[in-house]
There are 2 protein chains.
Amino acid sequence: MSEHDVILIALRRIIRAVDIRSRELERETGLTAPQLVLLQALGREAEATPKSLSRAVSLSPPTVTAILDRLERAGLVTRRRSPRDGRSVIAELTPAGREAVSAAPELLQAGFLRAFRRAPEWEQHMIIAALQRVAEMMDCQDVDAAPILERSGDVTQAAGPDR
Amino acid sequence: MSEHDVILIALRRIIRAVDIRSRELERETGLTAPQLVLLQALGREAEATPKSLSRAVSLSPPTVTAILDRLERAGLVTRRRSPRDGRSVIAELTPAGREAVSAAPELLQAGFLRAFRRAPEWEQHMIIAALQRVAEMMDCQDVDAAPILERSGDVTQAAGPDR
DNA sequence: CAAAATTTATTCGCACAGGAATCATATTCA
DNA sequence: TGAATATGATTCCTGTGCGAATAAATTTTG
């Protein structure tokens with residue numbers, strides 16, 4: 001079995017685990033992982049538009065629209081047209097949405113977090129560096145797909161200049 | 001931003017990149033990554049049933065059924081009832097299916113492979129080790145969710161005894 | 001042997017996820 | 001100014017993914 005197969009299998013396991021955790025979250029809180037991620041992004045960003053959210057959470061605009069639909073239906077988010085630019089839509093948390101954000105549990109599965117915290121520090125750093133490196137290697141080709149969650153201070157020193 | 005956020009963001013980028021590569025494959029070959037993975041599993045296993053395939057590729061039975069539907073519609077796979085056990089279904093590659101398997105391109109994106117091969121050997125090892133470690137940490141908790149792609153020899157020695 | 005429990009595959013409902021197409025609004029430039 | 005272009009959001013379509021419910025067959029058990 002080649003290295004590529006090993007990588008592929010590990011990736012499939014990881015993707016599946018993340019998906020399973022998402023369903024677990026849905027049972028616990030009524031919200032899936034993508035919904036919680038978007039909600040958190042909305043909490044950080046004032047005047048968030050589908051476009052900016054799309055960049056912030058690395059999802060396509062149609063996907064963001066679909067998730068916002070559900071969040072709006074659940075009463076956690078409101079949408080209104082921007083007064084400055086009639087094309088844009090501004091999404092905001094409702095009080096219930098803010099409540100949901102602060103009550104949100106960890107998105108990563110408890111088992112992973114436990115194991116991660118138990119690991120020696122060098123291994124934690126190795127894992128983070130490797131994941132960032134893989135992400136970088138994978139979307140280096142579509143140059144415009146790299147934006148990601150820019151916040152005030154760039155805490156992710158190792159990542160280097162995206163975009 | 002916490003380490004957890006960094007991990008989560010890297011994972012989302014990776015998941016997105018894998019998904020995008022799957023659509024690229026669809027454009028190139030008419031088959032998505034999960035379809036190709038299933039096709040390859042069918043090539044390895046004689047008398048494959050949805051159940052056995054489900055274990056082999058780490059997908060749920062309903063998902064396998066859905067993918068088999070499309071592969072059958074495309075004329076790459078045939079299904080027939082098992083004569084020994086009327087509950088089971090046996091899926092087999094057609095000649096066209098065998099052809100598709102042997103013509104299948106790399107499932108990982110070219111950009112990633114290029115970057116990976118260019119990386120120094122220590123980094124390649126680090127990446128593989130980290131991905132396997134993360135996969136392991138993530139599905140260690142649901143013990144029964146670990147099956148994974150067992151092939152002749154178990155090359156993923158670190159994973160420990162599944163079920 | 002017949003009823004109950006189990007196993008296997010499938011259907012159904014839901015939530016992503018993205019590309020293509022569409023519609024409305026802004027911007028550019030001839 | 002007015003037409004061409006660009007941008008932003010959404011809709012439509014297809015394809016995963018899974019859990020729950022269902023159907024069909026087999027095995028177990030009373």
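Numbered from 1 within each chain, the chains take letters A, B, ... in sequence-line order.
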Integer-rounded Å distance: [N] [atom2] and [X] [atom1]:
| X | N | atom1 | atom2 | value |
| --- | --- | --- | --- | --- |
| B:Glu72 | C:dT10 | CD | C1' | 13 Å |
| A:Arg55 | C:dG18 | CZ | P | 15 Å |
| B:Arg80 | C:dT8 | CZ | C1' | 16 Å |
| B:Leu68 | D:dT16 | CG | P | 11 Å |
| A:Leu11 | D:dG17 | CG | P | 13 Å |
| B:Leu31 | D:dT14 | CG | P | 17 Å |
| A:Glu24 | D:dG19 | CD | P | 11 Å |

Is A:Arg27 touching bases, backbone alone, or none of the nucleic acid, heavy atoms closer than 4.0 Å?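 If one applies the 4.0 Å heavy-atom cut-off, A:Arg27 turns out to touch nothing in the nucleic acid.
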
How would you label the contact of A:Pro61 with the nucleic acid (heavy atoms, under 4.0 Å): base, sugar-phosphate, or nothing?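 Base contact.
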
Flag yes if more than 12 heavy atoms outside B:Glu121 fall under 6.0 Å of its CD atom; otherwise flag no.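 Result for CD/B:Glu121: open.
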
Between B:Ser52 and B:Glu45, do the side chains contain a donor N or O and an acceptor N or O under 3.5 Å apart?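 Yes, B:Ser52 and B:Glu45 have a side-chain donor paired with an acceptor closer than 3.5 Å.
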
Give the B/S/- string for nucleotides 12-17 of chain C, one per nucleotide from 5' to 3', where a protein heavy atom under 4.0 Å of the base yields B, of only the sugar-phosphate yields S, and otherwise -. ---SSB

Any donor and acceptor pair, going by atom type alone, linking the side chain of [X] with main-chain N or O of [Y] inside 3.5 Å?
| X | Y | result |
| --- | --- | --- |
| A:Thr29 | A:Glu26 | no |
| B:Thr94 | B:Leu76 | yes |
| A:Gln35 | A:Thr32 | yes |

Is it the case that one hydrophobic cluster holds both A:Leu93 and A:Ile67, taking links as side-chain heavy atoms less than 4.5 Å apart, direct or via other members?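 The answer is yes; both residues are in one hydrophobic cluster.
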
Evaluate the salt bridge (charged side-chain N to carboxylate O under 4.0 Å, His left out) criterion for residues A:Arg80 and A:Glu92: first the C-alpha distance (whole Å), next the side-chain angles of each, then the deciding distance (0.1 Å), finally the verdict. CA-CA 9 Å; A:Arg80 59 187 170 85; A:Glu92 283 166 320; 3.2 Å; yes

Output a table of nitrogen or oxygen pairs between the protein and nucleotides 22-26 of chain C separated by less than 3.5 Å.
unit_1, atom_1, unit_2, atom_2, d
C:dT25, O3', A:Gly86, N, 3.4
C:dA26, OP1, A:Gly86, N, 2.7
C:dA26, O4', A:Arg87, NE, 3.3
C:dA26, O4', A:Arg87, NH1, 3.4

For D:dT7 and A:Ser88 - does any side-chain N or O of the residue sit under 4.0 Å from the phosphate oxygens OP1/OP2?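 A:Ser88 to D:dT7 OP1/OP2: no side-chain N or O under 4.0 Å.
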
Please walk me through it: do B:Gln109 and B:Ile20 pass side-chain contact (heavy atoms from CB on, under 4.5 Å)? CA-CA 9 Å; B:Gln109 43 263 81; B:Ile20 287 174; 5.9 Å; no

With side chain to side chain contact (heavy atoms under 4.5 Å, CB included) as the test, pick out the partner of B:Arg79 among B:Ile90, B:Leu71, B:Thr65.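 One option only clears the test, and that one is B:Thr65.
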
